[in-house]
2 protein chains.
Amino acid sequence: MPESKAKAAAAQDAGLEAGALVNVRKRQARSAETRTNILNAATQEFAEFGFNGASTRSIAKRANVLHNLVIYHFETKIGIWQAVMRHALGWYHQAFEERLAGLRGVDPVTKLRLIQLDFVRMAAEHPELHWLMSHEAGQRGERIEWIINTLLGSGFETWRDLIVAAQEAGAYVKGDPLHLHYLFIGAAGRIFMLSAEVEHVLGKSPFDPDFVEEHARVVQELFFRDPPRKS
Amino acid sequence: MPESKAKAAAAQDAGLEAGALVNVRKRQARSAETRTNILNAATQEFAEFGFNGASTRSIAKRANVLHNLVIYHFETKIGIWQAVMRHALGWYHQAFEERLAGLRGVDPVTKLRLIQLDFVRMAAEHPELHWLMSHEAGQRGERIEWIINTLLGSGFETWRDLIVAAQEAGAYVKGDPLHLHYLFIGAAGRIFMLSAEVEHVLGKSPFDPDFVEEHARVVQELFFRDPPRKS
DNA sequence: GTCTATATTATGATAGAC
DNA sequence: GTCTATCATAATATAGAC
């Protein structure tokens, strides 16, 4: 935390008369808004250009704030980046946990089908997430280490368990479940990361809602298999 | 072309005594070597960091040359980038054309199987190619337009025709052939672009030769289907 | 919290000696 | 073709007024 920010927090903790308190709250609201704007702008910039390619100035410009406010709110460039990753991956994990919680009791094959459908739709709606990971996950380095150590939780176990269960039911293609999960990630998400090229070759945007659904359907046809008939 | 380079070429065209000619040839050889070193270094840098993230100085450092030689040999930053793309995509297209030429007369299903196998092996051996495209193909912009207009040839038609033929033989999953090609590209290549994360989650490098072959096998299991029995 | 101003380093690009 | 030196701009980051 920057010193000035810490001081402001301390001033708030101390007793303040009513009028001053209102002003403090107004300022806090504006601060929170600025911070959010910067965070969203930084998400887009880091997704598009990667850590090196993005600049605090372009982030500030996109967020419509003065460039030094980016550093003020997040201390360093790596600080903004970490905040972006925490926010993006946190949101992603939460979305899946809530989805899975809603599917309690559903059989694993259906469950896997449904969260894979969600995954495809999310890849179309939030390709930034794929880009953010993509820029880091390709080469060893401090940032991917940080992601692995502080943000990558036990999400993969859930996918693995569901795939194993679907395989045991004879409903999913055979093979190492986590390997298959990465095949799925590639098949499901890559087309949205190549959207400009795809648009030229296919003659339509992969983000077109109808296409997204068709895409999800075909992806599932690749991985799911008809289970053997019982008796 | 830089003026100094044009002058050197002119001097070469003029008559020169034997000793001087040898020196000119030595210089040309060194120049060509420098250019090649820069091109290879630039390929790695652009693949890793994208156009904005890479710098002419980091390219020069990697190539072990003085930083201004990068500009001398390629005029501008976009000039180096274009040379990299021409070289990388040219090599890629040539490799496939030669492979296909060698497969003249082979039935389309086998042909598709074999060039897909090559594609997977190439993605493992040269992930730079996927990165170079990846950094540009995600968003509209001058560079992807340049790629589409000057480098993207008729390669996609070949893939489409082979996929259609394999579908007609009942040996390939149904669906829009070019859409399926992008699904294949994602399934085949994405795992190598996430190598650092994959290594952590799977416990082994996706570049491991045995894994590459297993990966290629599973990818084909996703897309190829048993054709209906005859008679 | 925000704004102006500034320090410092990195970057793309050029000029001129050899 | 390469090397030294340099320029102009853009980058990360900080200091201090309000």
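A, B, ... follow the sequence lines: proteins, then strands. Residue 1 opens every chain. All figures in this text were calculated on a predicted structure; none of them were measured in a lab.
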For B:Ile148, what residues pass the side chain to side chain contact (heavy atoms under 4.5 Å, CB included) criterion, not counting sequence neighbours?
A:His200, B:Ile144, B:Leu152

A:Glu45 atom CD is separated from D:dA11 atom C1', nearest whole Å, by 14 Å

Is the phosphate of C:dG1, meaning OP1 or OP2, less than 4.0 Å from a side-chain N or O of A:Thr34?
no

Using a 4.0 Å heavy-atom cut-off to protein, can you give one letter per nucleotide of nucleotides 5-12 of chain C, 5' to 3': B if the base is in contact, S if only the sugar-phosphate is, - if neither?
B-----BB

Please tell me whether B:Thr150 and B:Arg86 have a donor and an acceptor in their side chains that are separated by less than 3.5 angstrom.
no

Rounded to the nearest angstrom, tell me the gap between atom CD1 in A:Ile78 and atom P in D:dA11.
18 Å

Starting from C1' on D:dT2, measure out to CG on B:Leu66 and report it in whole angstrom.
7 Å

For atom CZ of A:Phe49 and atom P of D:dA10, their distance in whole Å
15 Å

Can you name the salt bridge (Lys or Arg N to Asp or Glu O under 4.0 Å) partners of A:Glu213, sequence neighbours left out?
A:Arg121

How many whole angstroms separate atom OH of A:Tyr72 from atom C1' of C:dT4?
16 Å

Between B:His87 and B:Trp91, does the ring centre distance come in under 6.0 Å?
no

Between the side chains of B:Glu98 and B:Gln94, does any donor sit under 3.5 Å from an acceptor?
yes

Taken to the nearest whole Å, NE2/A:His73 to P/C:dG1 is 7 Å

Classify the side-chain pair B:Thr34/B:Ser31 by whether it contains a donor and acceptor separated by less than 3.5 Å.
no

Please report, rounded to the nearest Å, how far the P atom of D:dT14 is from the CG atom of A:Leu69.
14 Å

